[in-house]
There are 2 protein chains.
Amino acid sequence: MGPTIHDVARLAGTSKSTVSRYLNGQQVKKATQEALDKAIKELNFHRNANARRLVLDRTNIIAVVVDNISNIFYSGVIRGIEGVANVKGYNCTFLSWTSNYSEEISFLNLLYEGQVDGIILVSFQKRKNEDLERIRESQYPIALIGDHGGMDGIFAVDVDNAAGVYDIVGYLHSLGHREIAYISGPQHAAANQHRFNGYLQAMETLGLTYRPEWVVESDWSSQGGYRAMQQLLERKGFSAVIGSNDEAATGALRAIQEHGLNVPKQMSVVGYDDISISEWVYPSLTTVRQPFEAIGRKAAEGLVQQIEGVQDKKQEAIHLLKPKLIVRDSCGTK
Amino acid sequence: MGPTIHDVARLAGTSKSTVSRYLNGQQVKKATQEALDKAIKELNFHRNANARRLVLDRTNIIAVVVDNISNIFYSGVIRGIEGVANVKGYNCTFLSWTSNYSEEISFLNLLYEGQVDGIILVSFQKRKNEDLERIRESQYPIALIGDHGGMDGIFAVDVDNAAGVYDIVGYLHSLGHREIAYISGPQHAAANQHRFNGYLQAMETLGLTYRPEWVVESDWSSQGGYRAMQQLLERKGFSAVIGSNDEAATGALRAIQEHGLNVPKQMSVVGYDDISISEWVYPSLTTVRQPFEAIGRKAAEGLVQQIEGVQDKKQEAIHLLKPKLIVRDSCGTK
DNA sequence: CTCTTTTTTGGGAACGTTCCCATTTTATCA
DNA sequence: TGATAAAATGGGAACGTTCCCAAAAAAGAG
């Protein structure tokens with residue numbers, strides 16, 4: 001298994017207790033320190049993490065569970081989480097729950113089995129309320145990013161999805177648009193519902209008429225946005241379209257151009273998310289930027305507080321962060 | 001810490017040994033099995049992973065170390081790795097070495113400290129040959145994806161970068177292009193060097209003249225590709241440009257269009273990587289698709305073999321997988 | 001029913017640490 | 001120098017498992 005603390009002790013002519021103390025930063029005599037340094041180097045000694053964790057009942061690891069590791073969407077969130085975690089002395093490990101999410105919510109086992117000190121669930125897709133209930137009743141440190149299902153007693157951070165779309169509609173309205181189509185995301189996604197609510201609310205507030213035939217559902221992929229837009233183009237009558245995420249908006253952009261219409265002169269397009277490519281499609285996409293890094297930071301801070309017992313369970317709350325409109329070239333005046 | 005095997009034993013009226021055996025799938029009497037099931041359920045018992053790992057000296061975890069978790073580039077690779085790993089009974093955990101890669105190659109500590117059974121380094125950027133040497137001399141299971149620095153005794157899987165660009169030049173040549181510009185990636189990246197070599201080789205084989213002023217360096221970002229293309233456009237004389245990755249090519253596409261040239265009629269553009277967005281930029285990008293998933297699978301298989309002692313260290317080798325040209329709309333005849 | 005074989009069980013050591021407590025060594029002060 | 005305080009050290013239990021070995025129970029054979 002590699003050298004142990006005993007081997008070091010023997011080589012340095014001292015006891016394992018002294019070695020342990022030295023490794024944990026306690027004071028030892030200068031002579032012993034030198035002997036220990038020498039022995040550790042010579043043996044290439046490393047403390048066994050599993051033995052430490054067993055006795056300490058602590059791992060200093062935070063698990064970040066996402067649905068798809070490579071989702072570009074998460075880049076900023078992850079940066080935020082890692083930043084806070086590292087400062088506080090934790091390492092992050094990332095898992096996809098596609099492989100982990102069977103009948104039981106098996107990522108909870110990471111906690112039950114003592115593999116990690118806490119979990120951040122990134123845009124957790126609950127299948128039933130029971131899932132959230134299970135998370136709540138496990139008394140372990142957990143932070144949710146995304147849908148919290150309106151359940152309290154769970155620490156959750158989310159972006160104010162409704163506000164983002166609300167702002168978009170307001171912006172289009174200020175450019176003179178009155179007829180605004182909408183490409184929604186998948187029904188079941190909570191974020192999608194909130195965004196759509198923002199659309200409805202804004203339309204109503206601004207006195208615009210909501211036309212069901214100007215709303216088409218997509219799966220939030222470019223492909224899906226492309227197809228949705230093709231359907232919308234047959235229905236006519238609107239001068240702007242909102243994609244409920246940037247990928248769908250990118251697909252829509254393509255469909256409009258293939259249809260022979262100029263963006264932004266004949267049709268305005270807005271996305272949502274501000275993924276990195278949005279600046280580089282043609283024309284560059286007006287969109288809404290989510291405060292990803294801030295979300296990640298907030299979640300990590302809340303989690304660490306739970307782990308270290310600072311946070312009173314009662315004080316747990318849902319934190320909503322506001323997104324920001326990014327104006328580029330894909331919208332014109334009507 | 002939660003209930004232990006002792007608690008279960010007491011409640012079920014048996015010994016801890018029997019509990020342990022049952023949990024490990026050995027035969028017990030039907031009566032005891034029922035008592036155990038009941039006790040386990042009642043206590044919500046879960047085995048402590050750290051205690052198990054300590055005694056078994058095995059974690060069944062594979063660490064996948066990447067430079068940036070959210071790099072879309074890795075999506076397929078990760079899928080490949082996870083697929084094989086799960087079948088073989090391992091869980092994957094993903095780490096970024098930006099946070100981990102200090103003076104010491106600290107991800108090696110994951111092995112020394114017994115935190116994981118093996119490591120897959122995805123497109124490892126060595127800083128000095130000493131790094132590879134350290135990896136080799138640590139006798140632990142490690143697989144490299146990407147640059148292997150020509151060093152043997154290390155299990156490495158890589159894509160045949162030169163072949164990909166070679167094919168691109170051949171394709172452009174077949175369309176009638178004779179003057180072909182090139183947007184390179186960062187000098188230090190090994191993949192970039194191989195790709196550029198492919199460019200040079202192909203030019204020579206096909207009898208085309210290599211003009212240094214038609215090669216500009218980028219940082220492989222869209223922004224970088226955009227700037228590089230602006231420089232190239234001032235120099236004129238070529239009818240096609242190869243971006244050494246899709247992001248740079250996307251930026252180039254944009255610069256060309258802003259410059260008033262039509263793609264593909266007046267300028268052909270090719271990318272490299274086939275990232276998901278490439279199909280959706282306008283015009284859709286002809287590019288080279290890397291066998292990402294196959295790479296991931298190959299690396300995971302090699303690693304598991306090392307862990308399980310099947311693989312003779314001598315047999316370790318460098319595996320080169322071939323990419324494939326994907327023809328879309330961004331190239332025209334000359 | 002007894003003897004043998006097979007199955008099931010329990011006790012205890014081991015894995016490599018940390019931490020408490022008692023003891024020894026060193027430092028301080030009069 | 002001797003008494004006392006402070007610093008450094010060593011021994012041993014504990015953390016929650018697994019696994020070996022011996023003992024007990026059950027099953028099978030005659």
Side-chain angles (χ1 to χ4, degrees), chain A residues 1-40 43-61 89 109-117 140, chain B residues 1-40 43-61 89 109-117 140:
Chain A
M1 213 196 267
T4 75
I5 218 179
H6 293 95
D7 300 320
V8 175
R10 188 156 11 92
L11 190 58
T14 177
S15 76
K16 63 175 169 37
S17 301
T18 303
V19 180
S20 174
R21 265 191 299 266
Y22 177 55
L23 291 171
N24 286 299
Q26 289 184 42
Q27 186 83 12
V28 294
K29 261 171 56 186
K30 189 158 252 168
T32 38
Q33 170 176 343
E34 281 161 6
L36 286 173
D37 280 336
K38 186 157 164 287
I40 288 169
L43 294 169
N44 189 26
F45 168 80
H46 296 263
R47 277 185 292 189
N48 182 296
N50 300 313
R52 304 196 68 207
R53 291 174 185 173
L54 174 58
V55 59
L56 293 176
D57 195 21
R58 203 55 158 14
T59 63
N60 284 303
I61 292 181
N109 284 354
L110 294 174
L111 261 6
Y112 286 128
E113 295 174 357
Q115 297 197 44
V116 302
D117 291 343
Y140 288 97
Chain B
M1 214 196 266
T4 74
I5 218 177
H6 293 95
D7 300 321
V8 175
R10 187 154 14 92
L11 189 60
T14 177
S15 75
K16 62 176 170 35
S17 301
T18 303
V19 181
S20 173
R21 265 190 301 264
Y22 177 55
L23 292 171
N24 287 297
Q26 288 185 44
Q27 183 86 11
V28 293
K29 261 173 51 187
K30 191 158 249 168
T32 40
Q33 169 176 343
E34 281 161 7
L36 286 173
D37 279 336
K38 186 157 165 285
I40 288 169
L43 294 170
N44 189 26
F45 168 80
H46 295 264
R47 277 184 292 190
N48 182 295
N50 300 312
R52 305 195 68 208
R53 291 173 185 175
L54 174 59
V55 59
L56 294 175
D57 196 20
R58 203 54 158 16
T59 63
N60 284 305
I61 292 181
N109 284 354
L110 294 173
L111 262 6
Y112 286 129
E113 295 174 357
Q115 298 198 43
V116 301
D117 292 344
Y140 287 99

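No hydrogens, no waters, no symmetry mates; every other heavy atom, side chains included, goes into these values. Note on naming: letters A, B, ... go to the chains in the order of the sequence lines (proteins, then strands), and numbering restarts at 1 for each one. Bear in mind the structure is a predicted one, so any value in this text is a computation, not a measurement.
Sorted by first and then second residue, the pairs that involve residues 5-15 of chain A and meet salt bridge (charged side-chain N to carboxylate O under 4.0 Å, His left out), not counting sequence neighbours, are A:Asp7-A:Arg10.
B:Tyr112 is linked by a ring pair (Phe, Tyr, Trp, His ring centres under 6.0 Å) to A:His46, B:Tyr140, counting only residues two or more places apart in sequence or in another chain.
Annotation: side chain of B:Arg58 is in contact with side chain of B:Asn60 (closest heavy-atom distance under 4.5 Å).
A donor-acceptor pair under 3.5 Å is absent between the side-chain atoms of A:Asn50 and the main chain of B:Asn50, judged by distance alone. When atom types are taken as modelled, the side chain of A:Asp117 and the backbone of A:Thr59 share a donor-acceptor pair closer than 3.5 angstrom.
Note that CG of A:Leu11 and NZ of A:Lys38 are 6.5 Å apart. Values are rounded to the nearest 0.5 Å. Here A:Lys16 contributes atom NZ and A:Arg21 contributes atom CZ; the two are 9.5 Å apart, rounded to the nearest 0.5 Å. Annotation: the span from A:Gln115 atom CD to B:Gln115 atom CD amounts to 11.5 Å, rounded to 0.5 Å. Rounded to the nearest 0.5 Å, atoms CD1 (A:Ile5) and CG (A:Leu43) are 12.0 Å apart.
The closest side-chain donor-acceptor pair between A:Arg47 and A:Asn24 falls under 3.5 angstrom.
Within 4.0 Å (heavy atoms only), B:Thr18 reaches sugar-phosphate atoms of the nucleic acid but no base atom.
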Report the C-alpha separation of A:Val8 and A:Leu23 in whole Å, then their side-chain angles, then the decisive distance to 0.1 Å, and conclude whether the side-chain contact (heavy atoms from CB on, under 4.5 Å) test is met.
CA-CA 11 Å; A:Val8 175; A:Leu23 291 171; over 6 Å; no

Before you tell me yes or no, could you show the steps for A:Leu36 and A:Val19 under side-chain contact (heavy atoms from CB on, under 4.5 Å), namely the whole-Å CA-CA distance, both residues' side-chain angles and the distance that decides it to 0.1 Å?
CA-CA 7 Å; A:Leu36 286 173; A:Val19 180; 3.7 Å; yes

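Of all the residues in residues 19-38 of chain B, B:Ser20, B:Asn24, B:Lys29 reach under 4.0 Å from DNA chain D with at least one non-hydrogen atom. At a non-hydrogen distance threshold of 4.0 Å, B:Leu54, B:Val55 from residues 46-58 of chain B come into contact with DNA chain C.
The span of DNA chain C lying next to chain A, judged by atoms under 4.0 Å from heavy atoms, is bounded 5' to 3' by C:dC15 to C:dT26.
Rounded to 10 degrees, the angle separating the terminal axes of the helix from C:dC1-D:dG30 to C:dA30-D:dT1 is 30°, with each axis obtained from five end pairs.
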